[in-house]
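Before any comments, here is the structure.
These values consider heavy atoms only, across backbone and side chains, with no hydrogens, waters or symmetry-generated copies. Proteins get letters first, then strands, A, B, ... in listed order; numbering begins at 1 in each.
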There are 2 protein chains.
Amino acid sequence: MKEGPDIALLGSVIGDPARANMLIALMSGKALTATELASEAGITVQTASSHLSKLEGAGLLQQRKQGRHRYFTLADDEVAQVLEAMMGLAASRGLMRTRPGPKDPALRRARVCYNHLAGDLGVQLFDSLQQRQLLTGSETDFTLTDAGREFLEDLGIDVEALERERRPVCKSCLDWSERRTHMAGALGTALLDRFIGLGWAERVPKSRIISFSAKGQKAFETHFPTVN
Amino acid sequence: MKEGPDIALLGSVIGDPARANMLIALMSGKALTATELASEAGITVQTASSHLSKLEGAGLLQQRKQGRHRYFTLADDEVAQVLEAMMGLAASRGLMRTRPGPKDPALRRARVCYNHLAGDLGVQLFDSLQQRQLLTGSETDFTLTDAGREFLEDLGIDVEALERERRPVCKSCLDWSERRTHMAGALGTALLDRFIGLGWAERVPKSRIISFSAKGQKAFETHFPTVN
DNA sequence: TTCATGGTTCGATGATAGTCGAAGCCTCTA
DNA sequence: TAGAGGCTTCGACTATCATCGAACCATGAA
């Protein structure tokens, strides 16, 4: 038996997909509840609870009780830095969670990322809003302009209601098939919901694919044109 | 399911005790055969073979055939750096394989980190160069000054030759025992080699410890004094 | 108190993956 | 050509652990 820091233990703690998903979700810096983390990881709360106690036992997480909620955050910056370093290494070795390559064109075209639109159309949506100055700011940190709010209200989205929610309205998400930014956050969710509500698109069961109808496709193009 | 670098996969690859032992053994910078690595990890060669193919599949290892032997090394510096960072995190959370033993002080004083000097003396080296303005720049991104080049040439290091190599000459690496920056990259390698070449120090077999002789110790202090 | 919501604990199940014996492949040596 | 050493492949066994249903605990609201 050797001596020194136990990277095997650390690795195995990070090495479970559910736990890794939770850690990545917490990389946003936000404090999340056990229930939220469970949904991020796609598991039940019981399972999440077990994972969370392991992560906390390894010193990677900190919890803060507040009423009947328990908010979890990464323990400190060092944890985030190591995770970031591991992401870099994984990326440079081609260790990706989705295999690049046009294996499933429909998936690359439009899919769900959490609860917002990703893929080709997700990127197009973001670009269109930005080019027409309905969004302002950088790729990673942006807000709605007044024109943007009006545009979204016209589309039937209650922007004020979104702003009353806890999570940020505008949030970016890096698209690994396109290697571009698309829209996440409360607005991303609201937009996808609205597309489905308008009958433009629907979720394909048992997959992440979002299927647009012919009419929906057209409507999407009119509302979110590519300027090029 | 999210997208992005698969840190869960990377973590699970590192997260097996046998594989972690092999990786740590390779942190010495030496090329080891499958049989040697098996004995390091305390497993049979069959099992080791399976582990090695996994490590190689994840891009963490490189193998070089030579006769009937297969020599394994870490794929590159980035792997070593992430491992070192994980060691630091594990150490700071108290995730240790054994309680600190008698070998520990020597290991903290001077050890090999892949192919450069780490520990107490590694940090001292970096500090000394920086304080005397032989290096310029930040902790993470720095270059040699003209005075620095001259100093190193006097020490018998062919800086120009280093610059012809592909990998960066100056690169920092976080030290897990000191939680400070020390010197990695081509220059880090060259410096350690030079210390050994000058007879100041030698590698202790079967460990990562670098043992300085009394004379070597003195010479090191004269060349890399602490200002404090 | 009663009810609802957020979380944890317990127990059973199922899948994954680490392990080694045996056999086979490859390469160098004689 | 035979033999030996280094390493991989195959197959079977086993232990670990993630998972979820059900029950339980805790906090806040009515």
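On the nucleic acid side, DNA chain D contacts chain B at distances under 4.0 Å to non-hydrogen atoms, with the end points of that region at D/dA4 to D/dT9.
Distance, A/R64 CZ to C/dG7 P: 13 Å, rounded to whole Å. Atom pair A/Q63:CD and C/dG7:P shows a separation of 10 Å (rounding to whole Å applied). Spacing between atom OH of B/Y71 and atom C1' of C/dT27 amounts to 14 Å, rounded to whole angstrom units. Between A/I43 atom CD1 and C/dG14 atom C1' there is a gap of 17 Å when expressed in whole angstrom units. The separation between A/F72 atom CZ and C/dG6 atom C1' is 11 Å, rounded to whole Å. Straight-line distance from the CG atom of A/D16 to the C1' atom of C/dT16: 12 Å, rounded to whole Å.
B/R70 and B/E56 are not joined by a salt bridge, as no carboxylate oxygen comes within less than 4.0 angstrom of a charged side-chain nitrogen.
In this model, the phosphate group of C/dT29 is not approached by any side-chain N or O of B/R68 to a distance below 4.0 Å at OP1 or OP2. Look at B/K54 and you'll find a side-chain N or O under 4.0 angstrom from OP1 or OP2 of C/dG18.
Of the two residues contacting DNA chain D, namely A/K65 and A/S12, the nearest-nucleotide position lying further toward the 5' end is that of A/S12.
The number of heavy-atom neighbours closer than 6.0 Å to CD of A/E150, taken from other residues, nucleotides and ligands shown, is 12 or below.
Residues A/L187 and A/L152 have side chains in contact (heavy-atom distance under 4.5 Å, counting atoms from C-beta outward). Proximity of A/V13 to A/R19: side-chain heavy atoms (C-beta onward) are separated by under 4.5 Å at one or more points. At least one side-chain heavy atom of B/I24 sits less than 4.5 Å from a side-chain heavy atom of B/M87.
Across all their heavy atoms, A/H223 and A/L155 have their closest contact at CD2-CD1, 3.3 Å. When all heavy atoms are compared, the tightest approach of B/P5 to A/R97 is O-NE, 4.3 Å.
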Next item on the list: Go through the steps for A/L37 and A/L26 under the test side chain to side chain contact (heavy atoms under 4.5 Å, CB included), then give the verdict.
Entry: CA-CA 9 Å; A/L37 286 167; A/L26 291 170; 4.0 Å; yes

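Listed in residue order, the members of residues 45-52 of chain B having a heavy atom less than 4.0 Å from DNA chain D are B/V45, B/Q46, B/S49.
With 3.5 Å as the limit, one finds a donor-acceptor pair spanning the side chains of B/T44 and B/T47.
Across all strands shown, B/T33 has heavy atoms under 4.0 Å from sugar-phosphate atoms exclusively, and none from any base.
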